[in-house]
Protein chains: 2
Amino acid sequence: MGRGKTELKRIENSTNRQVTFAKRKNGLLKKAREISILCDADVSVVMFSEAGNMTEYSSAPLIEQLARYQKESGKTLWDAKHERLSAEIDRVRKENSNLQIELRHLKGEDLKPLSPQELHALENALEDGYAGARAKIKEHHRKLKKNGRLLEEENKRLSATYVSAAAAKQMEHGSNVKVELRNGVGCI
Amino acid sequence: MGRGKTELKRIENSTNRQVTFAKRKNGLLKKAREISILCDADVSVVMFSEAGNMTEYSSAPLIEQLARYQKESGKTLWDAKHERLSAEIDRVRKENSNLQIELRHLKGEDLKPLSPQELHALENALEDGYAGARAKIKEHHRKLKKNGRLLEEENKRLSATYVSAAAAKQMEHGSNVKVELRNGVGCI
DNA sequence: ACCCCTATATATAAAGG
DNA sequence: TCCTTTATATATAGGGG
């Protein structure tokens, strides 16, 4: 619809994608309104842009539409959602636990369950990671310094906000591992 | 659209109304599919004809769309229990994100947003952590060795299960950070 | 109700400001 | 990014099986 025929695939150019979304979003909403009026139908549309911005249209209260949806489709939105949420919580918690174990191992804690082989590997990982990280950090540090006092002032400002953000996060959900490391990073 | 311009009001003739609904319903669904594909957006449409027949389209599971809707709009579609579950997911996700950032910093990645002060602190943290961890690991390693071959055999067995568990976790949700570190730990 | 056809009305891609 | 202006592509009203 327009000067060029468009293939039905994700528009690669980000700007074009956004522009097209804005146009078509309006088009879709208009069509939804029209059909609900012309044909005395109930229509609900919920859209999320790539960036996460929501747009909705519903000719009747959405909750009523959903109640109807459940009755018609036989799908139990509520219960199913509950199960999904619970499953997601399990998944995310497990991931969290793994991350924390990783951090502890890297700090030399909770080594008991590790076999000699794993300990050896951990030593190597630490050694490699340490050397690489240290080099990168120094390099980055050096670059920053080259930019002189002005930038350093700016960084101090940023540092202040970063530290308070870190503090806020601690208050929020003080994981031991994180608190310790945050302190290490944020203070001095 | 078509031979006659149509007023935006309920079509009086029942047959025409139904025919128009059928046509426009398909048009709307097509548009919804297109926008979701072209613009990488998430779109859900639920429609009920005058007669009560339901049609739905959702680029992502409708339940998830609705969860997002709730969060964005602030409107409660279902009970508080679900909201608590959602809040917990958000909380743990945020914590995961922080943990991953920490791991990256410790690996010398994503250093750009850090100020010189923070970089310095990170260096110290790495240095201290590294020395401490290494000492602890060596000590632990030494102790294990003292217990001789029998225990070592046992540890090999444990190691095997640990490694496959780690591999399974990778398959599950391969975060870059984790995968790399797990490899370091699990593989030698 | 469901196709098909065709004239028109709309939607929108591309381009420029 | 948003608006305006085209030229084109699509959607669809009305009509006939």
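Here is the naming used below: chain letters follow the sequence lines, and residue numbers restart at 1 for every chain. A quick note: this is a predicted structure, and the numbers were derived from the prediction, not measured.
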A/R84: what forms a side chain to side chain contact (heavy atoms under 4.5 Å, CB included) with it, not counting sequence neighbours? B/P61, B/I63, B/E64
Its contact letters, B for base, S for sugar-phosphate only and - for none at protein heavy atoms under 4.0 Å, make nucleotides 11-17 of chain C read SBBB---
A side-chain contact here means heavy atoms from C-beta on lying under 4.5 Å apart; do A/K25 and A/M47 qualify? yes
Quickly, which of B/T20, B/L28, B/T6, B/L8 forms a side-chain contact (heavy atoms from CB on, under 4.5 Å) with A/E34? Name it, please. B/L8
Tell me: CZ of B/F21 to P of C/dA1, nearest whole Å? 12 Å
Terminal axes of the helix from C/dC2-D/dG17 to C/dG17-D/dC2 (five pairs each): angle between them, nearest 10 degrees: 40°
Side chain B/R17, main chain B/R10, donor-acceptor under 3.5 Å: no
Could you check B/H82, B/E83, B/Q70 and say which one makes a side chain to side chain donor-acceptor pair (under 3.5 Å) with B/T76? B/E83
Please check if the number of heavy atoms outside B/E7 that lie under 6.0 Å from its CD is greater than 12. no
Between the side chains of B/S59 and B/S36, is a donor N or O closer than 3.5 angstrom to an acceptor N or O? no
Taking A/E88 first and then A/R93, would you say they form a salt bridge - that is, a charged N and a carboxylate O separated by under 4.0 Å? no
